[in-house]
Peer 1: 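The structure's right below; bear with me while I get my questions together.
As the structure is a computational prediction, the values presented were derived from the model and not from experiment.
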Amino acid sequence: MPSEPTLLRALLKLNHWQTYQTFCTEYDRAAGTIDSTLKRTWPSRAQLHRWGSGQLVGLPYPHHCRVLEVMFPEWRADQLFALPPSGLAPVQRNVNGSATMRSNRTPSEADQEGRRVDASSAYATRSEFLSHYPPHSLFDQAHTVRAVGLSLNLVCQQYPEQCLRHLVETGSEVHCLFLDPAGEAIKRREEEEGYTPGHLSGLTDLNIQTLKRARSRMSADARERMLIGTYDETVRFNIFIVDGSLCVMQPYLPAARGVDSPTFVLQRGSNGDGLFATFEQVMMSLWERGTPT
């Protein structure tokens, strides 16, 4: 580890979290999205100073690393305790409310790299993805959440209803487009995955009813910000786009459950094209052909 200021110190300063009390507050907020028992396990004031000044022989305890990677989801723990990459500048905040940094590249360099920089991370399964991106870290600070897929369990089963209602009541928009539980495409998908007839359609209908129930308990203004719809086409992707800047994309593979498929996290590229724009267009096209419920 370097004996010079680390990337962690730079990010804490960027977020205005450099005071010890503020750091502990944000640490607890992130820890609570992983395991409530990790709250109040922050480092001592002296330890935090060593973390920021690069006076470490190795990495901190694993639970510290887990929490820090939630606080700064763009970076691995080993990167946080290394020197900041050269030519970095602050950019907009992530969906969990933390700010991040990016390289200061010339326009020509950005054009050359734009088609690959928007693929920020990949995970072998959905469960592996969720260990790095818990639903609270994705949605709690979001202004817009747009989703298309099959049953959309990430928002319907893994994000508490009271949190969803609070999110929409405080001004956020949530739009969810499900595979039609009464359509032909979901029957074909049940056959492909080897389920008995009605398995996926029953789960999807349950999730739709869950969102409708949540919407019915909202104020009139809030209900207008939650849109629910269905489509009846071959399901190819599960796509979540948060605040128009982060995309979670999962392909539906032949004869494989969605939870067992790889998951990709994409950031919108500065030049407006690349993978993010491709899947954003897929989402928009499905919404145009979908049916409101």
Side-chain angles (χ1 to χ4, degrees), residues 1-34 38-56 59-61 63-107 109-110 113-114 116-121 132-134 136-144 172 241-248 265-271 276:
M1 296 291 133
S3 56
E4 300 180 37
T6 61
L7 173 61
L8 175 63
R9 172 176 286 185
L11 291 172
L12 290 175
K13 184 177 181 180
L14 177 63
N15 283 281
H16 308 295
W17 295 347
Q18 62 266 46
T19 67
Y20 183 66
Q21 182 177 0
T22 302
F23 170 83
C24 292
T25 298
E26 297 301 328
Y27 183 99
D28 272 356
R29 192 194 312 275
T33 69
I34 305 172
L38 293 180
K39 288 185 175 182
R40 303 184 65 81
T41 63
W42 359 270
S44 67
R45 194 182 298 269
Q47 282 178 304
L48 182 60
H49 174 74
R50 289 194 293 272
W51 287 7
S53 58
Q55 300 174 13
L56 292 178
L59 292 177
Y61 290 120
H63 74 273
H64 286 317
C65 294
R66 290 178 65 198
V67 175
L68 289 171
E69 287 181 346
V70 171
M71 293 174 69
F72 304 104
E74 300 300 316
W75 304 96
R76 301 188 311 272
D78 61 314
Q79 295 173 310
L80 291 172
F81 292 97
L83 294 173
S86 60
L88 290 182
V91 295
Q92 66 185 32
R93 294 184 177 274
N94 292 311
V95 296
N96 71 341
S98 65
T100 186
M101 308 176 81
R102 63 171 168 82
S103 296
N104 278 326
R105 298 170 306 185
T106 65
E109 291 172 326
E113 298 184 26
R116 64 180 176 85
V117 296
D118 59 352
S120 60
S121 52
H132 290 82
Y133 286 87
H136 280 285
S137 71
L138 286 171
F139 302 140
D140 278 358
Q141 304 299 323
H143 298 293
T144 61
S172 299
I241 294 182
V242 180
D243 287 344
S245 60
L246 182 142
C247 173
V248 179
V265 179
L266 315 174
Q267 299 282 350
R268 183 185 291 278
S270 59
N271 56 3
F276 188 104

Peer 1: Could you check L7 against F72 for side-chain contact (heavy atoms from CB on, under 4.5 Å), going step by step and ending with a plain yes or no?
Peer 2: CA-CA 11 Å; L7 173 61; F72 304 104; over 6 Å; no

Peer 1: State, to 0.1 Å, how close Y133 and S121 come at their nearest heavy-atom pair, and which atoms those are.
Peer 2: OH-OG, 4.1 Å

Peer 1: Students often mix this up, so state it plainly: with edges at 30° and 60°, are the rings of W51 and F81 parallel, tilted or perpendicular?
Peer 2: perpendicular

Peer 1: Measuring from atom NE2 of H16 to atom CD of E26, what distance do you get when rounded to the nearest 0.5 angstrom?
Peer 2: 12.0 Å

Peer 1: Measuring from R29:CZ to S137:OG, what's the distance to the nearest 0.5 Å?
Peer 2: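 One gets 13.0 Å once the value is rounded to the nearest 0.5 Å.
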
Peer 1: Would the distance check show the side chain of D243 and the main-chain N or O of A142 forming a donor-acceptor pair, the cut-off being under 3.5 Å?
Peer 2: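 Looks like no, no N/O pair under 3.5 Å.
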
Peer 1: Nearest 0.5 Å, please: how far is CG in D140 from OG1 in T33?
Peer 2: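 Answer for the OG1-CG pair, T33 versus D140, is 8.5 Å.
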
Peer 1: Testing the basics here: between F276 and Q267, what is the closest heavy-atom pair and its distance to 0.1 Å?
Peer 2: CD1-C, 3.7 Å

Peer 1: Look at the aromatic rings of Y61 and H63 and report parallel, tilted or perpendicular, splitting at 30° and 60°.
Peer 2: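 Taking H63 first and then Y61, their aromatic rings lie parallel (interplane angle under 30°).
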
Peer 1: Once rounded to the nearest 0.5 Å, what's the spacing between atom CD1 of I34 and atom NE2 of H136?
Peer 2: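 NE2 of H136 is found 12.0 Å from CD1 of I34.
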
Peer 1: Which atom names give the shortest non-hydrogen contact between P5 and P84, and what distance separates them?
Peer 2: O-CD, 3.5 Å

Peer 1: May I ask you to check whether H49 and Y20 show a side-chain donor-acceptor distance below 3.5 Å?
Peer 2: no

Peer 1: Rounded to the nearest 0.5 Å, what separation is found between the CG atom of L38 and the CG atom of D28?
Peer 2: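 Reported to 0.5 Å precision, the distance equals 9.5 Å.
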
Peer 1: What pair of heavy atoms forms the shortest contact from M71 to A30, and how long is it?
Peer 2: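 That closest heavy-atom pairing would be CG-CB, 3.4 Å.
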
Peer 1: So, Q21 and T19: side-chain donor and acceptor under 3.5 Å apart, yes or no?
Peer 2: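 T19 and Q21 do not have a side-chain donor-acceptor pair below 3.5 Å.
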
Peer 1: Verify side-chain contact (heavy atoms from CB on, under 4.5 Å) between Y27 and H64, making sure each step is shown before the conclusion.
Peer 2: CA-CA 9 Å; Y27 183 99; H64 286 317; 2.9 Å; yes

Peer 1: May I ask you to test the L246-L138 pair for a side-chain heavy-atom distance under 4.5 Å?
Peer 2: yes

Peer 1: How far does CG of L83 sit from CZ of R9, to the nearest 0.5 angstrom?
Peer 2: 12.0 Å

Peer 1: In the structure I gave you, are the side-chain heavy atoms of T6 and L80 within less than 4.5 Å of one another anywhere?
Peer 2: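 Counting from C-beta outward, T6 and L80 never come under 4.5 Å.
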
